[in-house]
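Take a look at the structure set out below.
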Amino acid sequence: MDNNVWEHQLRAIGRRLCFGSNSEHGADFTAAMYSVFGTLLMNGIDVLRWLGAWLEACAQNGGQPPGDLAPWLPWTMGEAREFMKPK
């Protein structure tokens, strides 16, 4: 455990959406989200800004993920990408 505020909030949201990790679906969702967020952090991407933009793109696509995921992958983002943390 640590005291990172946003991490605790994400855990709480994940528990509410998937009924905790007491279900197989909840555990799978949690593992996938930690993997995505960890990858973003390791690549210097602001997770909250990326997540907000991702959810907006999904909303604009009728509640479905965008058809082309390549622009959302950290290794395809250039330095000018809006989600990069300032150096």
Side-chain angles (χ1 to χ4, degrees):
M1 299 292 284
D2 66 33
N3 60 4
N4 190 329
V5 174
W6 76 263
E7 187 174 331
H8 286 286
Q9 290 174 347
L10 286 174
R11 285 182 186 165
I13 291 169
R15 280 193 301 269
R16 283 186 223 128
L17 290 175
C18 296
F19 310 107
S21 59
N22 292 332
S23 69
E24 187 174 335
H25 177 70
D28 289 344
F29 173 79
T30 301
M33 296 300 5
Y34 286 154
S35 177
V36 168
F37 295 155
T39 301
L40 293 170
L41 286 170
M42 287 184 346
N43 285 278
I45 295 171
D46 185 331
V47 174
L48 293 179
R49 289 176 67 191
W50 181 92
L51 183 59
W54 171 257
L55 293 174
E56 179 65 29
C58 291
Q60 291 176 358
N61 196 35
Q64 298 297 315
D68 182 15
L69 299 179
W72 297 95
L73 302 173
W75 44 90
T76 61
M77 294 179 190
E79 286 293 321
R81 185 73 176 193
E82 65 182 278
F83 312 117
M84 300 300 284
K85 289 182 178 180
K87 293 184 180 191

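Index from 1, following the sequence.
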Between the CG atom in Leu40 and the CH2 atom in Trp50, the distance rounded to the nearest 0.5 Å is 5.5 Å

Scanning both residues in full, the closest heavy-atom pair of Pro65 with Cys58 reads CA-SG, 3.8 Å

task = Please answer: with hydrophobic residues joined when any side-chain heavy atoms are less than 4.5 Å apart, are Trp75 and Trp54 in the same cluster?
result = no

Is it true that Met33 and Met42 fall in one hydrophobic cluster, defined by side-chain heavy atoms closer than 4.5 Å? no

Closest non-hydrogen atoms of Gly67 and Asn61, given as atom of the first, atom of the second and distance, are N-ND2, 4.3 Å

In this structure, CD1 of Ile45 is separated from CZ of Phe37 (nearest 0.5 Å) by 12.0 Å

Hey, quick one: are Leu55 and Leu73 part of the same hydrophobic cluster, counting side-chain heavy atoms closer than 4.5 Å, chains of contacts allowed? no

So OH of Tyr34 and OG1 of Thr39: to nearest 0.5 Å the spacing works out to 14.5 Å

